[in-house]
2 protein chains.
Amino acid sequence: MTESDIVQTIIRRFSSGDIRLTPQRISVYRYLLENRTHPTVDRVFNALKIENPSLSKTTIYNTVDTLTKAGLVRVVRTNEDEVRLDGYTDNHGHFYCTNCEEVYDFSLEGCAVPDSLHGFQMEEFDVRATGLCGSCKQKN
Amino acid sequence: MTESDIVQTIIRRFSSGDIRLTPQRISVYRYLLENRTHPTVDRVFNALKIENPSLSKTTIYNTVDTLTKAGLVRVVRTNEDEVRLDGYTDNHGHFYCTNCEEVYDFSLEGCAVPDSLHGFQMEEFDVRATGLCGSCKQKN
DNA sequence: ATATGTGCAAACTGTTTGCAGCCGC
DNA sequence: GCGGCTGCAAACAGTTTGCACATAT
């Protein structure tokens, strides 16, 4: 994503009017678009605190909550019971490497929603995998 | 599962010899086999404390950890950041109803591991869905 | 003017840790 | 007797809550 793509995305996604546009919200969302590394709340906080020293962690929590409810952000949980953030909400799976603790996106092609869910009203469908990523596999 | 099935399962699964058989471990595992309700740690603790008042929650945590590592028990996380326990480790998905907070098992037929994971060494593959279950769907 | 957002400090909760005593091999 | 298991109390960490102040419409 280029800088201009990011700005376009921010404008587009905030334009629903459902949520008020504040500097903190923009900076959290922008950070997630620019850093597709599935960072923790703490990581985002520490990164943004540099530019805005008065930023509070509470605000990050509030903001993540707001953005999640507005559908701009997804919360991903690794097996280590860690919250990771994702600014990309298209449908994809998450692979957690137990060695490097990196979270990788993967395509869900071939993994359809099972028929056994037909009686349920589904709102979210989450696929997660755990193991070793390509480079950690070789090192071990 | 009949009472005799449960006893058979306990004997079979503990017979690997990897883990020592203790009354606490048996009772936690038995509880999970008898109550396929994906209970929380707290629920298990409170239920078993009745028969064994000196039981400690630390022991439940230790036991769940041991049984999980031995492959007898699975830990499931709902979206509400809640740990739920499952004594059945065959491959199946979990549906979390946001209304009644019940966790339902579902078959994974039709949901294959995506090809995009071919470069990874996969150890776990988890499918979760969230929404309203059949009866809550009608009530709302 | 009113509702909403921000930021600090304190509270909370589920889990982990340290440690002493116990039990089984 | 030794290594692993149990259980208590204390510590811990991530998150939430209460509240005062600031900001936008």
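To find a chain, count down the sequence lines: A is the first, B the second, and so on, and within it residues start at 1. Quantities reported herein were computed from a predicted structural model and do not represent experimental measurements.
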Just by modelled atom types, is the [Y] backbone N or O under 3.5 Å from a matching donor or acceptor in the [X] side chain?
| X | Y | answer |
| --- | --- | --- |
| B:Y88 | B:L33 | yes |
| A:T40 | A:R84 | no |
| A:T59 | A:L55 | no |
| A:R128 | A:R77 | yes |
| A:R25 | A:R20 | yes |
| B:K137 | B:G131 | no |

Mind calculating the distance between [atom1] ([X]) and [atom2] ([N]) to the nearest angstrom?
| X | N | atom1 | atom2 | value |
| --- | --- | --- | --- | --- |
| B:L21 | C:dG24 | CG | P | 12 Å |
| A:F45 | D:dT16 | CZ | P | 16 Å |
| B:R20 | D:dC5 | CZ | P | 5 Å |
| A:K69 | C:dT4 | NZ | P | 14 Å |
| A:I19 | C:dA3 | CD1 | C1' | 16 Å |

| query | By a strict heavy-atom criterion of less than 4.0 Å, which residues belonging to residues 48-55 of chain A are in contact with DNA chain C? | reply |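 Result for residues 48-55 of chain A: A:S54, A:L55, sorted by number.
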| With side chains defined as the heavy atoms from C-beta onward, is the minimum distance between B:V28 and B:R30 less than 4.5 Å? |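 With C-beta onward as the side chain, the pair stays apart.
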| request: Would you mind reporting whether B:Q24 and B:L48 have side-chain heavy atoms less than 4.5 Å apart? | output: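 No - every pair of side-chain heavy atoms lies 4.5 Å or more apart.
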| message | Looking at A:S56, I'd like to know whether one of its side-chain N or O atoms comes within less than 4.0 Å of OP1 or OP2 on C:dT6. | response |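 Indeed not, no polar side-chain atom of A:S56 lies that close.
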| remark: Nucleotide by nucleotide, nucleotides 13-18 of chain C touches protein heavy atoms under 4.0 Å in the pattern (B base, S sugar-phosphate only, - none) -SBBB-
| query | Quick one: are the ring centres of A:Y96 and A:Y104 less than 6.0 Å apart? | reply |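 Judged by ring-centre distance (under 6.0 Å), A:Y96 and A:Y104 do not meet the cut-off.
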| Name the one of A:V64, A:D65, A:T63 that satisfies side-chain contact (heavy atoms from CB on, under 4.5 Å) with A:L67? |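 Exactly one candidate clears the test, A:T63.
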| Angle, rounded to 10°, between the helical axes spanning five pairs at each terminus of the helix from C:dA1-D:dT25 to C:dC25-D:dG1? |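 Comparing the axis at each end, I get an angle of 30°.
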| Can you say whether the rings of A:F120 and B:F95 are parallel (under 30°), tilted (30 to 60°) or perpendicular (over 60°)? |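 It falls in the tilted class, 30° to 60°.
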| field | Sugar-phosphate, base or nothing in reach of A:T22, heavy atoms under 4.0 Å | value |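 Touches sugar-phosphate only.
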